[in-house]
Protein chains: 2
Amino acid sequence: MTVPPGRRERKKAATRQKIADAALRLFLERGYEAVGIRDVAAEADVAVTTLFSHFASKEALVFERGDDFEQRLTRAVTGRAPQEPLIPALRREIQYLVRHCTADSATPIWRIIDETPALREYEESMRLRHAESLATAIAADPDLSLTTTASRTIARFVIDAYSLAREAPSPDAALDEIFRMIEAAWAVAACPRSNSTGTAGP
Amino acid sequence: MTVPPGRRERKKAATRQKIADAALRLFLERGYEAVGIRDVAAEADVAVTTLFSHFASKEALVFERGDDFEQRLTRAVTGRAPQEPLIPALRREIQYLVRHCTADSATPIWRIIDETPALREYEESMRLRHAESLATAIAADPDLSLTTTASRTIARFVIDAYSLAREAPSPDAALDEIFRMIEAAWAVAACPRSNSTGTAGP
DNA sequence: GAGCGTAGCACTAACGGTTAGCTTTTCGAA
DNA sequence: TTCGAAAAGCTAACCGTTAGTGCTACGCTC
């Protein structure tokens with residue numbers, strides 16, 4: 001809770017950054033799988049155990065700023081203009097995020113991610129955790145007052161939109177189509193009228 | 001392609017079963033993480049390499065019959081009665097699958113899965129692969145003629161329904177709620193009318 | 001039925017990510 | 001200055017997984 005970060009925390013952050021930079025450099029240079037943890041540690045001039053005290057796994061080195069995703073989504077909910085409807089706000093944010101990693105394939109880290117199955121799997125699990133945070137944020141909004149299930153469903157759908165649009169040939173068009181569906185799902189979640197779905201329980 | 005499986009294939013199947021049984025026994029006895037691959041191999045009296053020639057990973061030992069899930073879902077699409085609408089057919093199948101692993105927590109393997117993060121993650125990635133198969137089946141149905149994106153979206157939503165209902169306090173009620181949302185999403189995917197979603201692209 | 005090709009299995013040894021145990025260094029506060 | 005604690009280090013392993021190399025048993029053809 002100290003306002004000016006002490007020398008200790010600065011050094012710690014510096015070490016972390018040094019590791020992340022070394023990892024990125026090596027991954028771009030030789031490819032993700034061809035680089036070992038011990039290589040990264042050596043390049044960053046730290047011990048392997050130090051590396052793992054900063055990053056939980058090898059994959060986490062790639063998604064170094066992965067928490068931004070989570071924060072941006074929850075803030076798109078909690079920080080949106082008063083009375084602004086939920087889904088368009090989320091759509092705007094997802095669109096930004098998708099563009100950020102498709103157009104910015106100038107940033108070649110996304111190429112590595114796309115080409116490495118282990119990283120794609122890791123990203124999907126990460127997004128699933130993000131969906132949980134998003135669901136919590138949605139459920140906490142007093143203007144919406146959704147059930148837990150509805151919140152979690154919408155959150156999953158929104159994350160699906162990200163994943164699907166990301167690998168679609170035309171991300172923008174895909175987002176259009178998917179969010180039209182999400183909007184419809186949202187409408188029945190927000191004001192439940194009928195409850196017959198065609199199959200009654202026994 | 002021989003109708004009566006030869007001795008060779010029977011022996012192979014027997015070995016596979018022996019390994020699966022040994023694994024299940026040990027996992028139930030000591031817990032998933034406390035059992036090593038070498039333990040399983042020893043208990044089944046096979047070499048470690050043999051074990052990995054039958055199962056791709058340690059997690060795969062637990063989801064030995066995981067392909068059933070995929071097949072049941074695709075057949076729910078391809079094998080449904082003529083003119084039967086898609087979503088109720090999928091809902092029926094998902095309901096069956098959810099009940100199978102919630103009520104059947106009598107089968108304590110699901111308890112182990114629920115308690116082991118590594119297994120939950122593995123299951124989620126597996127379901128994602130299943131969603132791809134399901135999407136293909138949906139896209140191939142001539143009665144529907146959906147876009148690729150719409151097919152994949154519906155498939156993901158249906159898989160989400162499974163995951164969410166599985167961990168909901170009342171799975172049946174959750175399924176009701178989620179499938180009401182999916183039905184709405186489906187309606188706009190099947191007959192697209194308006195295409196304004198509240199946020200226009202720049 | 002003898003011989004051949006191959007699939008299944010075994011064994012050893014390693015690789016690569018990850019962790020435990022313990023010591024040393026470095027900072028912050030008393 | 002001194003002391004406690006956080007950060008970083010080193011060694012040595014654990015554990016899932018794979019490569020390399022044979023051997024054996026089966027299925028098939030002649």
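Throughout, protein chains are lettered first and strands after them, A, B, ... in sequence-line order, and every chain is numbered starting at 1. Values in this document were obtained by computation on a predicted structure and should not be read as measured data.
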*Spacing of A:Asp45 atom CG relative to D:dC10 atom C1', expressed in whole Å*: 14 Å
*Could you tell me which residues satisfy side-chain contact (heavy atoms from CB on, under 4.5 Å) with B:Ser57, sequence neighbours excluded, listed by chain and number?*
B:Glu59, B:Ala60, B:Tyr122
*Can you tell me the distance, in whole Å, between the OH atom of B:Tyr122 and the C1' atom of D:dT17?*
14 Å
_Tell me every residue that passes side-chain contact (heavy atoms from CB on, under 4.5 Å) with B:Thr147, counting only those two or more places apart in sequence or in another chain._
A:Glu177, B:Thr149, B:Ala150
*Name all residues meeting the side-chain contact (heavy atoms from CB on, under 4.5 Å) criterion together with A:Ala23; count only those two or more places apart in sequence or in a different chain, and write none if there are none.*
A:Phe27, A:Val40, A:Leu61
*Cation over ring, B:Lys58 on B:Tyr32, under 6.0 Å and within 45°?*
yes
*Please list residues of residues 46-56 of chain B whose heavy atoms come under 4.0 Å from any atom in DNA chain D, ordered by number; otherwise none.*
B:Val48, B:Thr49, B:Phe52
*Pairs meeting criterion salt bridge (charged side-chain N to carboxylate O under 4.0 Å, His left out) with involvement of residues 26-36 of chain A, two or more places apart*: A:Arg30-A:Asp39
_Length of the line joining B:Glu59:CD and D:dT17:C1', which is rounded to integer Å_ = 11 Å
*Kindly write out the residues that satisfy salt bridge (charged side-chain N to carboxylate O under 4.0 Å, His left out) with B:Asp21, not counting sequence neighbours, or none if the list is empty.*
none
*Partners of A:Thr74 by side-chain contact (heavy atoms from CB on, under 4.5 Å), sequence neighbours excluded?*
A:Ser133, A:Ala137
*With sequence neighbours excluded, give me every salt bridge (charged side-chain N to carboxylate O under 4.0 Å, His left out) pair touching residues 76-88 of chain A.*
A:Arg80-A:Asp141, A:Glu84-A:Arg92
*salt bridge (charged side-chain N to carboxylate O under 4.0 Å, His left out): pairs with one or both residues in residues 118-128 of chain A, sequence neighbours excluded*: A:Asp114-A:Arg120, A:Arg120-A:Glu167, A:Glu123-A:Arg127, A:Glu123-A:Arg166, A:Glu124-B:Arg156
*Please list residues of residues 12-41 of chain B whose heavy atoms come under 4.0 Å from any atom in DNA chain C, ordered by number; otherwise none.*
B:Lys12, B:Thr15, B:Arg38
Table of protein N/O atoms under 3.5 Å from nucleotides 22-26 of chain D N/O atoms:
from	atom 1	to	atom 2	distance (Å)
D:dC26	OP1	B:Lys11	NZ	2.6
D:dC26	O3'	B:Arg8	N	3.3
D:dC26	O2	B:Arg8	NH1	3.1
D:dC26	O2	B:Arg8	NH2	3.2

*By ring-ring contact (aromatic ring centres under 6.0 Å, His included), which residues pair with A:His130, not counting sequence neighbours?*
A:Phe69
